[in-house]
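One structure is given below, encoded as C-alpha cells.
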There are 2 protein chains.
Amino acid sequence: MPYTSPAKINTEQYSPSFITHFENRKNITVYSKARPKVRNILKYHPNQIIAFENDPINYLYEIMAGTVKTYKILNDGRRQITGFYTKGDVIGLPVDGRYFHTIEAITEASICCHSKIQMKRLMDSDPDFTLKIIKSAHDRLRDAHEQMISLGRKTPDERIAAFLLKCQKWATLQIATQNSIISLPMSRMDIADYTGLRQETVCRIFSKFKRAKLITLLRSDQLILNNHRQLLKLANLSEDNSETIPQYH
Amino acid sequence: MPYTSPAKINTEQYSPSFITHFENRKNITVYSKARPKVRNILKYHPNQIIAFENDPINYLYEIMAGTVKTYKILNDGRRQITGFYTKGDVIGLPVDGRYFHTIEAITEASICCHSKIQMKRLMDSDPDFTLKIIKSAHDRLRDAHEQMISLGRKTPDERIAAFLLKCQKWATLQIATQNSIISLPMSRMDIADYTGLRQETVCRIFSKFKRAKLITLLRSDQLILNNHRQLLKLANLSEDNSETIPQYH
DNA sequence: CGCCTGCTTGATGACAATCAAGTTTAGTGG
DNA sequence: CCACTAAACTTGATTGTCATCAAGCAGGCG
C-alpha cells in the first residue's frame, strides 16, 4: 500500500472482513459494527502529519496499526502533546468545527478515515453507535483531565511513573501475549512534551528509576517494569483509573 | 427555595417557561428545547458538593445561575481544578460510568439536573439534540486541551493572562450589558489550583499586572482589564480560540 | 471592637531548566 | 563489513524561578 502525501489524500476502498468487538479490548474496531460498504484506509510515515490544528474537521480517524500523537504548538515553538493513540483509538468527533490539535504519526500507521457525513448518517440510523461515540468522547475527556492533574500538580517523578504505566497499558492492549517488554515508539522529546518536562529531565528520571531497579532499560526505546506496585504508588493515580474502569485503550 | 443537603437530593418540579436559544450565547439553555414536562432544579450553597469523583453518573447538570468548579484530588490533598462553569454550561455526559471529578458550587447556584435516562430518551427521539450533546463534549475537550498546554508549557504570567481573559468571556456571557468590571467568584486558592500555581504566586502576578497597568483591582474579587490587546498577546492563546470559534461559554 | 479568614508581600531555598559536553545508536556509503 | 556522520540520548555544572515559610494587612461578621 503506497504512502500518502500529507497534503493530498488518496483513498483506497476496503470492504473490511472483521466484525466489531467493542467490548473486547484486545482487538477493537470501534466504528465498524455497522459495516459501511466502503472505508478509506491510509498509511502514514513516521512524522507525517495527518491533520493540522485549525483544519476543518472532515474525518474521524481510527487507528488500525501504529502509534499517533496529537499536539498543540505556541507561536514560539513550545509544544504540548495532548495524547498518544494506538490501535483501536479514535481521534475526533463528528461535529462541525476545526481540529484543536495537530495529528501526527509517530511510527508507520494504518488509519481508517471515516467521513463526518458518513458518521452522522450512522448516528441517525443506530442509537447504539451514537452512544459509542459519546462514550468515546467521555473517555477522551477523562484522559485529558487525568493529564491535567499530572501537569498541574504532580512531581516530575510521578508524571513519568504515570506515563510508564500508561505505556504498559497500551502495550498489553496492542499485543495479545502478555509480554513484559514495553516499547516506547515516541522520542524522549515527545515524552517531555507530553509530561510538561524537558528531555534532559525525562532522561534523568529514567536513569534514576533504573538505578532504583524500578525499570530495566533494554534499549532507549525498550524497557521492563520491575516493580509495578511501587510505580503505581509513585504515580499517584486517582483511584481505579488504571485498572477497573473499562476503556478501550 | 430551600437548600439541598449534598447527601439527599430533594426534587422540585418545574415546568420551564423558556425556550432554548442554543445559538444565542447570551442566554442559553442547552438541553431545554425538547421541553420535558418535569425538571429538577436544585439550589446549592457555596462550597456545597454537587457530585463526588467516582460517584456513578446519574445526572447531567446544567448550570442555570451561579458558578461551579470541578476538580480532582490526590491522596495527599493536592488539588487540580479542571474547570469553572457558569450559566448555560453543562457538566457530564449521558454514559454509564462514574464522574471523574468532584463538582462543587463556588457561589450560590441553581442547577438543573437532567437524569441520564431522560437524556437517553431524548437522544433516541431527537438527532439534533444528540448532536448538541456531542458538540458539548467537543467543546469540553477543547477547553481541556487548551488547559493542558497552559499547565504544561506556559509561564505563570501567561497562564494568569489566559485565565483573566477567560473570566472576561464568562462575564460578558453572563451579563448582557457589556460591563467592563469582571468579578472573580473563586478564591486565590482556586485560581492557583486551576493554573497549577500557588496562591502566593497568583497574588504576585496580580500585583505585577496591576503595577504594569494591565489590570485595575477594585477589590480582591473585582477587576478591570485595561489592556485587552496586550493581555491577549501575553496569554499566547492558540489562534482564534478566544474569539472566533463559537462556543457556549 | 476584635476575631477570623483570605489576601498580600517578603526572604530564602529547592529543584527543574538551561547550557554544555560526552556517548550511544542508526543509517550511509565506500 | 567497517568507517563515518548525524541524530538521539545521557550526564554534568550552573542558574533562575517558583514553592515554601513567615509575617503583615484588609475586609467581613458576630
Side-chain angles (χ1 to χ4, degrees), chain A residues 45-47 67 69 74 76-81 106-108 150-161 163-164 167 183-212 215-223 234, chain B residues 45-47 67 69 74 76-81 106-108 150-161 163-164 167 183-212 215-223 234:
Chain A
H45 306 284
N47 304 321
T67 305
K69 64 190 171 194
L74 298 175
D76 60 358
R78 279 176 286 171
R79 188 180 67 151
Q80 178 66 43
I81 292 186
I106 292 177
T107 63
E108 291 183 10
S150 258
L151 293 168
R153 286 289 174 240
K154 286 189 185 175
T155 66
D157 286 8
E158 290 168 336
R159 296 184 211 178
I160 295 296
F163 170 77
L164 290 175
C167 285
S183 73
L184 306 177
M186 67 292 285
S187 68
R188 293 288 184 270
M189 188 70 105
D190 281 346
I191 299 173
D193 282 344
Y194 181 64
T195 53
L197 305 168
R198 304 269 105 163
Q199 58 170 344
E200 295 95 326
T201 307
V202 172
C203 267
R204 280 184 239 276
I205 295 173
F206 271 52
S207 300
K208 195 205 288 186
F209 283 5
K210 201 170 94 180
R211 279 196 302 276
I215 62 173
T216 305
L217 269 173
L218 304 177
R219 291 186 346 209
S220 72
D221 64 342
Q222 283 193 350
L223 54 80
L234 183 56
Chain B
H45 305 285
N47 305 320
T67 306
K69 65 190 171 193
L74 298 176
D76 60 358
R78 278 175 288 171
R79 188 179 69 151
Q80 178 66 44
I81 291 185
I106 292 177
T107 63
E108 292 183 12
S150 258
L151 293 169
R153 286 288 175 242
K154 285 189 185 174
T155 66
D157 286 8
E158 290 168 335
R159 297 184 211 178
I160 295 297
F163 170 76
L164 290 175
C167 284
S183 73
L184 306 177
M186 66 292 285
S187 68
R188 293 291 185 268
M189 187 71 104
D190 281 345
I191 299 173
D193 282 345
Y194 180 65
T195 53
L197 304 168
R198 303 271 109 166
Q199 58 170 343
E200 295 95 326
T201 307
V202 173
C203 267
R204 278 183 241 275
I205 295 173
F206 271 51
S207 300
K208 195 205 289 187
F209 283 5
K210 201 171 93 181
R211 278 196 303 276
I215 62 173
T216 304
L217 269 172
L218 303 176
R219 292 187 343 209
S220 71
D221 64 343
Q222 283 192 350
L223 53 80
L234 184 57

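Here is how names work: the chains are called A, B, and so on, in the same order as the sequence lines, proteins then strands, and each is numbered from 1. As the structure is a prediction and not an experimental result, all values here were calculated from the model.
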Can you pull the salt bridge (Lys or Arg N to Asp or Glu O under 4.0 Å) pairs that have at least one residue in residues 183-202 of chain B, sequence neighbours excluded? A:R153-B:D193, B:K69-B:D190, B:R79-B:D190, B:R79-B:D193
Closest to the [X] side chain, choosing from [options]:
| X | options | result |
| --- | --- | --- |
| B:R198 | D:dT10, D:dA22, D:dA19 | D:dA19 |
| B:S207 | C:dC7, C:dA16, C:dT9 | C:dT9 |
| A:T201 | C:dA16, C:dA17, C:dT9 | C:dA17 |
| A:E200 | C:dT9, D:dC9, D:dT11 | D:dT11 |
| B:L217 | C:dT8, C:dA26, D:dC9 | C:dT8 |

Determine whether a donor-acceptor pair (N or O, by modelled atom type, separation under 3.5 Å) exists between the side chain of [X] and the backbone of [Y].
| X | Y | value |
| --- | --- | --- |
| B:Q222 | B:R219 | no |
| A:S150 | A:R159 | no |
| B:T201 | B:L197 | no |

Return the value, rounded to whole Å, for the distance between atom [atom1] of [X] and atom [atom2] of [N].
| X | N | atom1 | atom2 | answer |
| --- | --- | --- | --- | --- |
| A:R78 | C:dA17 | CZ | P | 13 Å |
| B:R153 | D:dT17 | CZ | C1' | 16 Å |
| A:I160 | C:dA16 | CD1 | C1' | 13 Å |
| B:K208 | C:dT9 | NZ | C1' | 15 Å |
| B:L197 | C:dC7 | CG | P | 15 Å |
| A:L151 | C:dA16 | CG | P | 15 Å |
| B:I205 | C:dT8 | CD1 | P | 12 Å |
| A:Q199 | C:dT23 | CD | P | 18 Å |

Check: B:R204 side chain, D:dT20 base, donor-acceptor under 3.5 Å: yes
Of A:G196 and A:L218, the one whose nearest nucleotide on DNA chain C sits closer to the 5' end is A:G196
5'-most contact on DNA chain C: A:P156 or B:R219, nearest heavy atom basis? B:R219
Nearest 0.5 Å please: distance from the CZ atom of B:F163 over to the CD1 atom of B:I191. 4.0 Å
